[in-house]
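Not measured: the values here are computed from a predicted model. First the proteins, then the strands, lettered A, B, ... as listed; each starts at 1.
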Amino acid sequence: MKDKKIKNVFKEGAISSEFIGESIAKHQSKISIGAHNIFLGQVRADEIDGKAVSAIEYTAYEDMANEKFHEIREATFEKFNLTCMHIYHSLGTVKVGEICLFVFVSSPRRKEVFKALEYVVEEIKVKAPVFGKEIFEDQSHQWKVNS
Amino acid sequence: MKDKKIKNVFKEGAISSEFIGESIAKHQSKISIGAHNIFLGQVRADEIDGKAVSAIEYTAYEDMANEKFHEIREATFEKFNLTCMHIYHSLGTVKVGEICLFVFVSSPRRKEVFKALEYVVEEIKVKAPVFGKEIFEDQSHQWKVNS
Amino acid sequence: MRLNIKYFGLIAELTSCSEEQLEFEGTKVEEVIELLNTKYPDLKSKDFQVAQNREIVSLKSPVTGGDIALLPPFSGG
Amino acid sequence: MRLNIKYFGLIAELTSCSEEQLEFEGTKVEEVIELLNTKYPDLKSKDFQVAQNREIVSLKSPVTGGDIALLPPFSGG
C-alpha cells in the first residue's frame with residue numbers, strides 16, 4: 001500500500017519492545033502477507049579511548065528527514081513487491097541496550113523482504129539527516145560517525 | 001555465543017507477538033549488540049482453485065529437525081559474526097495471519113545480520129524436515145510445497 | 001535386522017501409518033524402498049528423500065539398522 | 001534576500017546556535033558559506049553538506065532563498 005502523506009517517523013526516546021510486538025500483532029489481519037522482516041538498531045556500549053558509551057542523543061533536521069524517509073519509502077515500494085512498510089527513529093536520549101531504529105517490511109514472499117529491508121536501512125544511513133551524539137559515562141561526548 | 005546443546009526449536013501452535021516482543025526485550029542487557037534482524041513467516045490466505053487457505057497444520061520429524069536446526073545454527077556462527085541467534089517453528093495448527101516461523105539474529109554490526117538472517121531462513125527451508133498441510137475453508141487440504 | 005520405518009506428511013497419509021517395524025534381510029536402502037513399494041504401491045509415484053538415523057542417505061547407501069524415514073518435500077517456515 | 005540558516009549536530013555545537021537569520025546579497029551557495037566561515041572560523045575545518053529548502057545542493061548552486069542548512073555527516077540508526 002502506497003501512502004502519499006508524509007508521516008512523522010520520529011519518536012521521542014527509545015522504541016520499546018512492547019511497541020514492536022504491537023506492530024507485529026497489527027499485521028495479523030493482513031492475510032496476503034507471508035513474510036515479515038524487521039531491522040532493529042540498538043545502542044551499543046562502544047568503548048572509545050577507554051571510555052564506554054552510555055547513551056546516544058539523537059537530533060535531526062526533522063522536516064527534511066521526514067521528506068527523505070518518505071522518498072525512501074516510495075522508492076522501496078517501486079522496487080520491491082511489498083504489502084507494507086514502517087519506519088520509526090528515536091529522537092533525544094536512547095540508553096545503551098535500547099532500540100533507536102525500527103524498520104518493518106512485509107510481503108507475500110520472503111525473497112522480497114530480505115532485499116527490501118537491507119535497501120531501506122542502507123538508504124536511511126546515507127540519506128536521513130539524523131545526528132547521534134555518543135555520551136560517555138563521564139558525561140563527555142563525541143559525534144557518532146556511521147560506518 | 002555458541003551453544004553445543006541441541007535445543008528444541010518447536011512450539012505448539014502459533015508464535016505470539018507478545019513472545020516476540022519479550023524476546024527482543026531480553027536482548028537489552030546484551031550491550032555489545034548494535035543490530036537485530038528478525039524474520040517472521042506468517043500463514044498466507046493463498047487461493048488455490050478458488051478455495052482459500054484457512055490454516056496450515058505443521059508436522060515434523062522432530063528429532064532430525066532439531067539436529068538440522070542445530071547444524072544450521074553452528075554453521076551460521078562459523079560464517080558470520082553474531083552475538084546470538086534464536087529459531088522457533090510452530091507445530092500443529094497455525095491459522096491465516098498467525099506466525100509460524102521466528103528467526104532472530106543479533107550482531108555488533110548491521111552488515112552481518114542481513115547476510116546471516118537470509119542464510120538461516122534459506123537453510124531452514126531446504127534442510128529442516130517440516131511438513132505443512134494447507135487446510136482450506138471447506139476442510140479439504142493439500143500438502144504445501146516451498147517455492 | 002529389525003528396522004523402524006517412519007512416514008511423514010503426505011507419505012504418512014498414503015501409508016495411513018506414522019511408524020512401523022520391519023524385518024529386513026538385504027543390504028541397501030533401495031531394497032527397503034522396494035519392500036515398501038510392494039506394500040504401498042502408490043508410493044512409487046511419490047517424491048521423497050530417505051533419512052537413515054536422521055541423516056539423508058542415497059538409495060545406494062548400506063542399511064545400518066535403526067530408523068529409516070521417508071520424507072516428502074520439506075515445507076517448513 | 002533574507003536567509004534562514006540552520007545548524008545541526010557538531011556544527012550547531014560549534015556555532016552555539018541552531019538557527020539564525022542572515023541578510024544575503026550574493027548568488028551562489030558558496031558565497032553563503034564564505035560569509036559563515038568569516039563569522040565562525042572553525043567551520044572551515046569541518047566536513048558538512050549543504051541543504052537548501054531540504055534538498056542537498058552543491059556549492060555552485062544558486063541561492064533561491066528560504067532555508068539553508070549545514071549538515072555534518074549523518075549518523076542515524
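Residue A:Lys51 places its NZ atom among more than 12 non-hydrogen atoms of other residues, nucleotides or ligands, all under 6.0 Å distant. More than 12 heavy-atom neighbours from other residues, nucleotides or ligands sit within 6.0 angstrom of CG on A:Asp138.
Side-chain contact between A:Met64 and D:Lys6 is absent, with no heavy-atom pair separated by less than 4.5 Å.
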In residues 56-63 of chain A, what donor-acceptor pairs under 3.5 Å come from side-chain atoms, sequence neighbours left out?
from: A:Tyr58; atom 1: OH; to: D:Gly77; atom 2: O; distance (Å): 2.9

Please list, one pair per line, the donor and acceptor atoms closer than 3.5 Å that link side chains of residues 90-99 of chain A to other protein atoms, with sequence neighbours excluded.
from: A:Ser90; atom 1: OG; to: A:Gly13; atom 2: O; distance (Å): 2.7
from: A:Glu98; atom 1: OE1; to: A:Lys95; atom 2: N; distance (Å): 2.8

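Judged as a ring pair (Phe, Tyr, Trp, His ring centres under 6.0 Å), the pairs with a partner in residues 22-51 of chain D (not counting sequence neighbours) are, in order, D:Tyr7-D:Tyr40.
Of the two parts of D:Gln49, neither the backbone nor the side chain holds a non-hydrogen atom closer than 4.5 Å to a non-hydrogen atom of chain A. Residue A:Glu134: no heavy atom, backbone or side chain, is found under 4.5 Å from chain D.
Using a distance-only test at 3.5 Å, with no hydrogens or angles considered, a donor-acceptor pair links the side chain of D:Ser75 to the main chain of A:Lys144.
Residues of residues 109-133 of chain A that come closer than 4.5 Å to chain D, counting heavy atoms only, are A:Lys125, A:Val126, A:Lys127, A:Ala128, A:Pro129, A:Val130, A:Phe131, A:Gly132, A:Lys133, ordered by residue number.
Taking all atoms of both residues into account, the shortest heavy-atom contact from D:Arg54 to A:Lys68 is O-CE, 3.8 Å.
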